[in-house]
A.B. asks: 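Let me give you the structure first, and then I'll get to my questions.
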Amino acid sequence: MIRYIRRAAALCLLLLVALLLNAARIQVFEADSLDHNPANRRVTITRYSEPRGNILVGGKSVTDTEDTGEQLKYERTYKNGPLYAPVTGYASQTYGTTLIENAEDGILSGTDSMLAPFPLWNEITRSRQPGGNVVTTIKDSMQRAAYDGLGGRRGAVAAVEPSTGRILALVSTPSYDPGRLSGTGSSVTDAWQQLNAAKSQPMLNRAIRQTYPPGSTFKIVTAAAALDANVVTDPDNETDTPSPYVLPGTSTTLPNEAEGCENASLAEAIRVSCNTVMAELGVRVGLKGMVDAVRKFGFNDTGLQIPSGVAKSNFDTEMSDDQLALSSIGQFDTTATPLQMAMVASAVANGGDLKYPYLVDRTTTRSGSTVHRNGSHTYHQAMSPRTAVQLRRMMVDVVEQGTGANAAIDGVEVGGKTGTAQHGIDNSGRPYAWFISWAQAPDSAQPAVAVAVVVEDAAANRADISGGGSAAPIARSVMQAALGK
């Protein structure tokens, strides 16, 4: 009898060990897969059981949370949602997160290990801390100036501080209220479908996720390449360039919108925006030289993050000479985000030293203690300091005597470049209006801001757009806000 009892006890012990091993397998080895299983609602309930941290602009929160009294307790809310949507993105219980809400989700949700009081504390206790805050580099007055200037038209504005890379404004219009997507239920799904179906694409972040042909604003890049390569040694000397210019290897002629471009100097070509001179200079620099030059400004970089990912600005690396000529004036396959073109203006203003752009100044705990602070660092030396000085003068001439007069600010040194981006079949679409610029106060040793503006549906004829009629006044308002005027 004792023998059978022993066997039964051994079997029970074996079953107990197997049960413990299985529990350990589930709780330790399969914990991650169960946590990420869509059918596991506990993770979602836990995620929304505590208030989310906030995103700050100028020391004030532009986000909040609301106690819904539902199982998913806390729901994200937004202050001035459409104004800041290109910065914050959305945090939705149904559709996830985007932009800063996504890139800094660990801090905002309280799961980031940097918020824990001790190393590995969250991993050991399987707990999380109160959601921290994200302090942005955005300046409220500049954001509003850009948003009001666009006036709901399809377009975007990006503004950076040249000496640091801090992004001071990031606007995309038409915009949307991310609060409409925060919760669950039919109202949220209806809003999602409506926003995604809208022809105006309000959820598209045109400032960092949309690329456009940069048109004549790209001539600043080509000019930098020509000067650095000594293809042009004196920007005031005449060039040997016919008008119109026959594209290499073809019978196609490239015309000018401006007058007096035949044999024009580089300085004159920038001032009145001569296609022929800049196209010919791009060919003389050569494909390798142009590709090397554009890379220094950030083109063809697929890894740029601010911390959200930025779409790649493109300059083809394999082209024939006729295609290179068109690419050198911002046509053919050349495309750029507004942020990229703000970086071009920033490099000129900052003596050729292009700083890496960033949108988050620092992250903090709920109580305000700094967890991590971003700092300024060089992205590339985009051009030599000598070239930057020459281009600064040329961009000032554009505003004071050329096509960018609408960007002038009394008593302030302003440099700019207008652009017209053709698009559509046979360039039949209404051209996009571009303007890039920078401003420096007379009592300052450093430029205050560099700005890029693109207006998709500019209500003007092509000549007006080329003269900065649509985009330059918006840039002027943003620069005035940066200067406190």
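Hydrogens, waters and symmetry mates play no part in the numbers below; they use all other heavy atoms, side chains included. Small disclaimer: the values here were computed from a predicted structure and weren't measured.
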A.B. asks: Look at E66 together with R76 and state whether they make a salt bridge at an N to O cut-off of under 4.0 Å.
C.D. replies: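 Answer for the salt bridge query: no.
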A.B. asks: Side-chain contact test, heavy atoms from C-beta onward, threshold under 4.5 Å: evaluate it for I436 versus V451 and give yes or no.
C.D. replies: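 Side-chain contact under 4.5 Å: no.
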A.B. asks: About how many Å separate CG of L354 and CD of Q381, when rounded to the nearest 0.5 Å?
C.D. replies: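 Going from the CD atom of Q381 to the CG atom of L354 covers 9.0 Å.
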A.B. asks: Under the criterion side-chain contact (heavy atoms from CB on, under 4.5 Å), which of L170, L56, T88, I100 is the partner of T136?
C.D. replies: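 Exactly one candidate clears the test, I100.
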A.B. asks: Answer yes or no: is there a side-chain heavy-atom contact under 4.5 Å between I474 and V157?
C.D. replies: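 Contact flag for I474/V157 side chains = yes.
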A.B. asks: Taking atom CE of M394 and atom NZ of K417, what is their separation to the nearest 0.5 Å?
C.D. replies: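 Here the interatomic distance stands at 12.0 Å.
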A.B. asks: Between K355 and E161, does any side-chain N to carboxylate O distance fall below 4.0 Å?
C.D. replies: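 The answer is no: the pair does not qualify as a salt bridge.
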A.B. asks: Do the side chain of R153 and the main chain of L150 share a donor and acceptor less than 3.5 angstrom apart?
C.D. replies: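 Yes; at least one donor-acceptor contact below 3.5 Å.
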A.B. asks: First locate atom CD of Q143, then atom CD1 of I167, and finally report the distance between them rounded to the nearest 0.5 Å.
C.D. replies: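 It comes to 10.5 Å.
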A.B. asks: State plainly whether the residues E101 and R52 are in salt-bridge range, i.e. N to O under 4.0 Å.
C.D. replies: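 A salt bridge links E101 with R52.
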A.B. asks: Any carboxylate oxygen within less than 4.0 angstrom of a Lys/Arg side-chain nitrogen, looking at R166 and D361?
C.D. replies: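 Yes, charged N to carboxylate O under 4.0 Å.
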A.B. asks: Is K296 salt-bridged to D292, cutoff N-O under 4.0 Å?
C.D. replies: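 Result for this pair is no, no salt bridge flagged.
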A.B. asks: Hey, can you tell me if Y356 and Y379 have their rings parallel, tilted or perpendicular (30° and 60° cut-offs)?
C.D. replies: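 Taking Y379 first and then Y356, their aromatic rings stand perpendicular (interplane angle over 60°).
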A.B. asks: State, with a plain yes or no, whether a side-chain heavy atom of P307 is found less than 4.5 Å away from one of E104.
C.D. replies: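 Yes, close enough: below the 4.5 Å cut-off.
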A.B. asks: Measuring from atom CD of Q201 to atom OG of S172, what distance do you get when rounded to the nearest 0.5 angstrom?
C.D. replies: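 The OG atom of S172 is 9.5 Å from CD of Q201, to the nearest 0.5 Å.
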A.B. asks: On the ring face of W192, is R180 found with NZ or CZ under 6.0 Å from the centre and within 45° of the axis?
C.D. replies: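 That pair does not qualify as a cation-pi contact.
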A.B. asks: Begin with the C-alpha distance, continue with both residues' side-chain angles, and end with the deciding distance and a verdict on ring pair (Phe, Tyr, Trp, His ring centres under 6.0 Å) for Y147 and Y84.
C.D. replies: CA-CA 9 Å; Y147 186 81; Y84 290 110; 9.0 Å; no
A.B. asks: Got M479 and V414 here, is their nearest side-chain heavy-atom distance under 4.5 Å?
C.D. replies: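 Yes - at least one pair of side-chain heavy atoms lies under 4.5 Å apart.
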